[in-house]
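Chain naming here is simple, since letters A, B, ... match the order of the sequence lines and numbering starts at 1 in each.
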Amino acid sequence: MACGGAAFPRRASVPRRRRFQFPKLPKPRITASMCLYQFLIAVRSEGQNLTNEDGETTSHLMGFFYRTLRMMDNGIKPIYVFDGKPPQMKSGELAKRGARRAAAEVSLKEAQEAGEQENIDKYTRRLVRVTKEHNTEVQQLLTLMGIPFVVAPAEAEAQCAALAAAGKVYGAASEDMDTLTFGTPTLLRHMTYSENRKKPINEVSYEQVLEGLEMTKETFVDLCILLGCDYCESIRGIGPHRALALLREHQSIENILASLDPDKFTVPEDWPYAEARRLF
DNA sequence: ACTCTGATTCAAGACGCA
DNA sequence: ATAATTGAATCAGAGT
DNA sequence: TGCGTCC
């Protein structure tokens with residue numbers, strides 16, 4: 001997640017990008033959770049989600065329906081992957097999110113009182129929440145459409161990587177670089193943009209990324225951990241450049257830690273980098 | 001002067017018609 | 001009871 | 001391409 005593509009130094013990110021040409025029967029797997037969010041946030045009219053006559057939201061169903069149809073039109077057979085249990089989070093992180101949500105609620109109320117429609121929309125979007133019902137409704141829709149989906153035991157990204165690595169699908173469609181870290185041979189980015197004809201689909205090959213960065217799978221995983229992944233925080237003061245340079249020099253987090261100047265960089269206490277590494 | 005990091009902010013879908 | 005993103009772009013500021 | 005509509 002946090003291992004964003006933009007986080008990689010431009011010069012080093014030699015992973016070649018080439019225009020994606022549809023193979024015969026591509027079956028990319030797609031993480032459904034993010035789609036759900038985006039549909040609920042974006043599919044609106046006059047600030048409100050689309051609803052049926054009973055007032056129940058249908059934005060997510062519309063979104064999935066049309067996007068899936070469009071993919072089928074282009075010869076893509078998608079397999080959606082739903083998140084299972086969300087990754088465990090730290091209490092500090094939870095508190096931070098709670099605070100942000102509270103702030104958005106306050107801002108929303110202010111905007112409502114001031115009658116600022118633009119801000120009302122903005123903060124309403126920020127408060128969007130995906131429920132279990134949304135998930136099951138979408139799954140039901142996919143079933144009716146005959147579109148396969150998988151509910152991942154834990155994180156969707158890992159499940160996708162497994163499907164892709166096993167050759168069950170052509171590739172994994174996601175914006176999340178963690179998907180690569182999980183070992184997906186092929187990552188497809190901008191899947192939705194390209195459906196919208198705004199940007200070309202970006203095909204990233206794991207092999208070529210490693211080659212371009214001159215890294216092994218092991219050092220690449222360490223790199224992603226240093227950049228900050230979902231499972232543990234990163235070291236303050238170490239960003240993409242230093243992380244890459246340090247790994248080139250020392251090959252592993254252990255070696256880096258042994259040589260880091262403790263006066264300059266503070267390593268988090270009980271830093272669970274090894275556990276994070278084990279997850280990938 | 002320049003490089004890097006980290007904080008902040010914003011926007012987020014798809015269709016069809018003109 | 002509990003909940004809730006993220007990538008990209010931009011800016012500020014620390015460190016070199 | 002821009003814009004109103006989708007429910």
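- Distance CE (A/Met191) to C1' (B/dA12): 18 Å, rounded to an integer number of Å.
- For the pair A/Phe64 CZ and D/dC6 C1', the computed distance is 17 Å after rounding to whole Å.
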Exercise. Can A/Tyr80 and A/Thr68 be said to form a side-chain hydrogen bond (donor to acceptor under 3.5 Å, both in side chains), step by step?
Worked result: CA-CA 10 Å; A/Tyr80 287 96; A/Thr68 304; 2.8 Å; yes
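- Judged as a salt bridge (charged side-chain N to carboxylate O under 4.0 Å, His left out), the pairs with a partner in residues 102-127 of chain A (not counting sequence neighbours) are, in order, A/Arg101-A/Glu105.
- Taking atom CD1 of residue A/Ile235 and atom P of nucleotide B/dC4, one finds them 18 Å apart after rounding to whole Å.
- Using cut-offs of 30° and 60° on the angle between ring planes, the pair A/Phe182 and A/Phe280 is tilted.
- Checked for salt-bridge contact, A/Arg242 and A/Glu249 miss the test: no charged N lies under 4.0 Å from a carboxylate O.
- The stretch residues 102-110 of chain A has no heavy atom under 4.0 Å from DNA chain B, so no residue of it qualifies as close.
- The nearest whole Å value for the distance from the CD atom in A/Glu46 to the C1' atom in D/dC3 is 14 Å.
- For the contact set between residues 119-147 of chain A and DNA chain C, defined by any heavy atom under 4.0 Å, the members are A/Arg126, A/Leu127, A/Val128, A/Arg129.
- Taking 4.5 Å as the limit, some side-chain heavy atom of A/Cys35 sits within range of a side-chain heavy atom of A/Ile30.
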Between side-chain atoms of residues 145-154 of chain A and protein atoms elsewhere (two or more places apart, or another chain), which donor-acceptor pairs fall under 3.5 Å?
none

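- By the side chain to side chain contact (heavy atoms under 4.5 Å, CB included) test, A/Glu56 pairs with A/Asn52, A/Asp54, sequence neighbours left out.
- By the side chain to side chain contact (heavy atoms under 4.5 Å, CB included) test, A/Ser45 pairs with A/Leu50, sequence neighbours left out.
- Of the candidates B/dT5, C/dA4, D/dC7, the closest approach to any side-chain atom of A/Arg101 belongs to C/dA4.
- Here the C1' atom of nucleotide C/dA4 and the CG atom of A/Asp83 are 13 Å apart, to the nearest Å.
- Nucleotides D/dT5 and B/dC10 place their P atoms 28 Å apart, quoted to the nearest Å.
- The interatomic distance linking A/Leu244 (CG) with B/dT3 (C1') rounds to 15 Å, in whole Å.
- Between A/His241 and B/dT3 there is no side-chain N or O to OP1 or OP2 distance below 4.0 Å.
- A/Thr124 is not listed as a side-chain neighbour of A/Leu127, based on a closest heavy-atom distance of 4.5 Å or more.
- Separating the NE2 atom of A/His60 from the C1' atom of D/dC6 is a distance of 15 Å, rounded to the nearest angstrom.
- Identified under the salt bridge (charged side-chain N to carboxylate O under 4.0 Å, His left out) test for residues 250-271 of chain A, with sequence neighbours left out: A/Glu254-A/Arg277.
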Exercise. How would nucleotides 9-16 of chain C be written as a contact map, 5' to 3', with B for base contact, S for sugar-phosphate-only contact and - for no contact, using protein heavy atoms under 4.0 Å?
Worked result: -------S
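- Remark: A/Ala243 pairs with A/Leu223, A/Leu226, A/Leu227, A/Ile238 by the side chain to side chain contact (heavy atoms under 4.5 Å, CB included) rule, at least two apart or across chains.
- At whole-Å resolution of the value, CG in A/Leu69 and P in D/dC6 are 19 Å apart.
- Smallest separation of non-hydrogen atoms from A/Arg70 and A/Asn74: O-ND2, 2.8 Å.
- By the side chain to side chain donor-acceptor pair (under 3.5 Å) test, A/Gln38 pairs with no residue at all, sequence neighbours left out.
- Looking only at side-chain heavy atoms (C-beta outward), A/Gln159 and A/Thr31 stay at 4.5 Å or farther from each other.
- For the C1' atom pair drawn from C/dA3 and B/dG13, the interatomic distance equals 25 Å after rounding to whole Å.
- Nucleotides C/dT2 and B/dA14 are separated by 36 Å at their P atoms, to the nearest Å.
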Problem set entry | B/S/- contact track for nucleotides 13-18 of chain B, protein heavy atom under 4.0 Å | BSS---
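- To the nearest whole angstrom, the two P atoms, one in D/dC3 and one in B/dA12, are 14 Å apart.
- When heavy atoms are screened at a 4.0 angstrom cut-off, A/Thr58 is found touching the sugar-phosphate backbone but no base atom.
- Every residue two or more places apart in sequence or in another chain that forms a side chain to side chain contact (heavy atoms under 4.5 Å, CB included) with A/Thr186 is listed here: A/Tyr170, A/Leu188, A/Glu203.
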